[in-house]
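A short write-up of the structure that comes next.
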There are 4 protein chains.
Amino acid sequence: MAAAGAARRGRPRSPEARGKILSATAELLAEGGFHAVTMEAVAARAGVAKTTIYRWWPNRAAVALACVSARMAPIAEDGPAGSHRERFRRQLKATNRLLNSLEGQAITALIGAKQTDPMLAEAYSEQIARPRRAQTRLLLMQAIRAGEVAAGTDPDEFLDAIYGPIYYRKIVSGETVTDAFIDRIVDAAFAGFSAAP
Amino acid sequence: MAAAGAARRGRPRSPEARGKILSATAELLAEGGFHAVTMEAVAARAGVAKTTIYRWWPNRAAVALACVSARMAPIAEDGPAGSHRERFRRQLKATNRLLNSLEGQAITALIGAKQTDPMLAEAYSEQIARPRRAQTRLLLMQAIRAGEVAAGTDPDEFLDAIYGPIYYRKIVSGETVTDAFIDRIVDAAFAGFSAAP
Amino acid sequence: MAAAGAARRGRPRSPEARGKILSATAELLAEGGFHAVTMEAVAARAGVAKTTIYRWWPNRAAVALACVSARMAPIAEDGPAGSHRERFRRQLKATNRLLNSLEGQAITALIGAKQTDPMLAEAYSEQIARPRRAQTRLLLMQAIRAGEVAAGTDPDEFLDAIYGPIYYRKIVSGETVTDAFIDRIVDAAFAGFSAAP
Amino acid sequence: MAAAGAARRGRPRSPEARGKILSATAELLAEGGFHAVTMEAVAARAGVAKTTIYRWWPNRAAVALACVSARMAPIAEDGPAGSHRERFRRQLKATNRLLNSLEGQAITALIGAKQTDPMLAEAYSEQIARPRRAQTRLLLMQAIRAGEVAAGTDPDEFLDAIYGPIYYRKIVSGETVTDAFIDRIVDAAFAGFSAAP
DNA sequence: ACGTAAGCGAGACGGTACGTCTTGTCTTTTG
DNA sequence: CAAAAGACAAGACGTACCGTCTCGCTTACGT
């Protein structure tokens, strides 16, 4: 708010440049994956000076992240039809489709890159992970209130128990994630977190 | 047998060079993480020509992988004490300790790198993932025979259900993995995969 | 004028860098001959990035050429004393001293290199050969006007007839060029090109 | 002699290998000039081990030289028809054709390479330059005895005076050598070295 | 209205590491 | 014991990007 009120001096930053940078990044991601998103390529493609990119993002990973988080649709809100278990299944299958899409390739690449880049890890956490986790947490709360999941359940533990295996197959083992696998994992979690330990 | 019997011609490759390369890689991993494992640095540290490294590994990731897989202790075989559930807990906690160790840093870095490097992905799968999975699968089979896990359980589904959340926290969300978390995940899996679906 | 008026965009190239590169090249030429003029060595010695060198010269021969042509004194203008025959003798002896100097080693090396490098051949022609030939041609014209050389003489034929043997001994046969040899060659040329064919 | 008499033990040297090496060298010279004659390429093309080449020649230049000097026809002995001036003209024109041929490309490349390679320079001198000079010197001696060239003429000076300009144009200035140019140079030399200075 | 502060394009710069190429040597097995 | 095979140390090559820097030009706010 302060910044907005201060009426910043000097030439205001060009929203057009920002748009061209993100579009160019998206194209490069589509064509050659994260590997193709080099600062030089983005600048050339966007018709923008490298300095302009560096003014707003510290490195290529941050640019790719901004691009992905701007373009990534929020988790599908596909209506309250069915049980909460059913709604989790749909949510996980949507996530799986996302991970298999082009944006998904960028996401896994970013998850890969953040292993060796703390700043990117932080950015990923804030811009991608936290918002999505907040959203899925709401559904879990409803499920708990509805009695489908045990009352004392730690939300993160439950959510990690169902999202973990999906990401694990995608990122660690490389096996394909089938709908059947998702069904089994959700069932196991609902069973595991309903019965009192 | 075929390879041994073939009596290869020409100067045999130097096991000494291989050893020096892997040692140098290990040192660099320890000092600066995967980021520090550049071909130049490895060659310089090992007192070896770059070409010698390239003759045997296609890129730095492969070298680091070879280094890690050579040095990584196999999953601790800590004896059959306790229930299978208990043994799984111990196994997962050992894995967690491994991931938090220096080798673990290399492993997560490699998992990160393989997101954008199919050859590394394949190498990781063969040299790290498959052997470890084979080992854990044995324990699961015993648990199934002992009736602690339902008879029809797909081994990969069960194992992904317990290893997935650990790796997820380590690699995707960045949260720390506590022993309590491991206990919960194992309990949930045993509960989820004991009840018939 | 066009170039000056173009108002070049971007950061202007650094004359300092250019100077450091040429100085380093000169030093290396002096120390180890053309053989020592590697891009790496020049860059290291000049405290300049290799890319900066490659931005302006395509290869080490071109750098050495630029260095030599920048440093090479123009053909000594030693005054109009004596006959034209005498002045040619002095000019050839100065050329011989140049070829025997350190720059001369670079020149012969460049002539050697240009045998297998058309671009370098072109550069040599423009930066070294053409200006020197233009200068010697002037003296020949005077000699023709003075009647010391036959009126219809083709300048290039005469000049090749006197410079050819010098370079031939230096570059092809490797024999040393004495002042006596130069005197004989000049005399023979003046005799050969005065009598009408 | 001792060696020959000693009935040398072990596997005898393969003359076949030598032939294959020289053939491969000739092919490479034809295809890519001296630049393409690398030890690796020769070995690969000839189906011969690098060590075998190194056993007989010290470096690639020596191999190329051996190849050229083996293949280069001696100076055409085209009969005593015409004056000695005429015979020199024919000899120089033959030399010019040789320099413009494929072997000629190799020769100029070798002359280029020897500027920075003393060993090659020595080898060139012995294997190429000296034999040819000896041959041309014979013709000059006849010309002197016939009175076409002045009695006191230093053979090397005369021969450098006519060969120099040809090689100069070929190697230094890059201009084409026409028959007319050769005629003029020969005439000038005969005029220059007949009249007493 | 005009000065000045920031944004912007262009592109040169010092660097790092890449993966390749070739050299000349060394160490085996084969003939 | 020579030849063939091929691994080895060394080191330069030319390229790709990095992140920084200096330019001249543009845009909008402040006085």
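All values below were derived from every heavy atom in this structure, side-chain atoms included, with hydrogens, water molecules and symmetry-related copies excluded. Numbered from 1 within each chain, the chains take letters A, B, ... in sequence-line order.
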Sugar-phosphate, base or nothing in reach of C:Arg55, heavy atoms under 4.0 Å: base

Distance, rounded to the nearest Å, where A:Arg60 contributes CZ and F:dC17 contributes C1': 9 Å

A:Arg13 to A:Trp56 six-membered ring, cation-pi geometry met (6.0 Å, 45°): yes

C:Arg71 vs C:Leu22 side-chain heavy atoms within contact, under 4.5 Å: yes

C:Trp56 side-chain N/O to E:dC13 phosphate OP1/OP2 under 4.0 Å: yes

Derivation of the side-chain contact (heavy atoms from CB on, under 4.5 Å) call for A:Ile171 and B:Gln115: CA-CA 7 Å; A:Ile171 287 173; B:Gln115 303 307 315; 3.2 Å; yes

Quiz item: A:Arg11 side-chain donor-acceptor pair to E:dC8 base, under 3.5 Å: no

For DNA chain F, the residues among residues 13-29 of chain B that have a non-hydrogen atom under 4.0 Å from it: B:Arg13, B:Ser14

Working for side-chain contact (heavy atoms from CB on, under 4.5 Å), residues A:Leu110 and A:Leu120: CA-CA 8 Å; A:Leu110 287 168; A:Leu120 179 60; 4.2 Å; yes

Members of residues 32-52 of chain A that approach DNA chain F, where some heavy atom sits under 4.0 Å away: A:Thr38, A:Met39, A:Glu40, A:Lys50, A:Thr51

Euclidean distance, atom CD1 of residue C:Ile53 to atom P of E:dG14 [Å, nearest integer]: 9 Å

Trace of the side-chain contact (heavy atoms from CB on, under 4.5 Å) decision for B:Trp57 with B:Leu65: CA-CA 10 Å; B:Trp57 294 280; B:Leu65 191 62; over 6 Å; no

Pair A:Arg45 + A:Glu27, salt bridge at N-O below 4.0 Å: yes

Partners passing side chain to side chain contact (heavy atoms under 4.5 Å, CB included) against B:Ala46 (at least two apart in sequence or in another chain): B:Lys20, B:Ile21, B:Ala24, B:Val48

Worked verdict on D:Glu40 versus D:Arg60 for salt bridge (charged side-chain N to carboxylate O under 4.0 Å, His left out): CA-CA 10 Å; D:Glu40 311 254 313; D:Arg60 70 200 190 103; over 6 Å; no

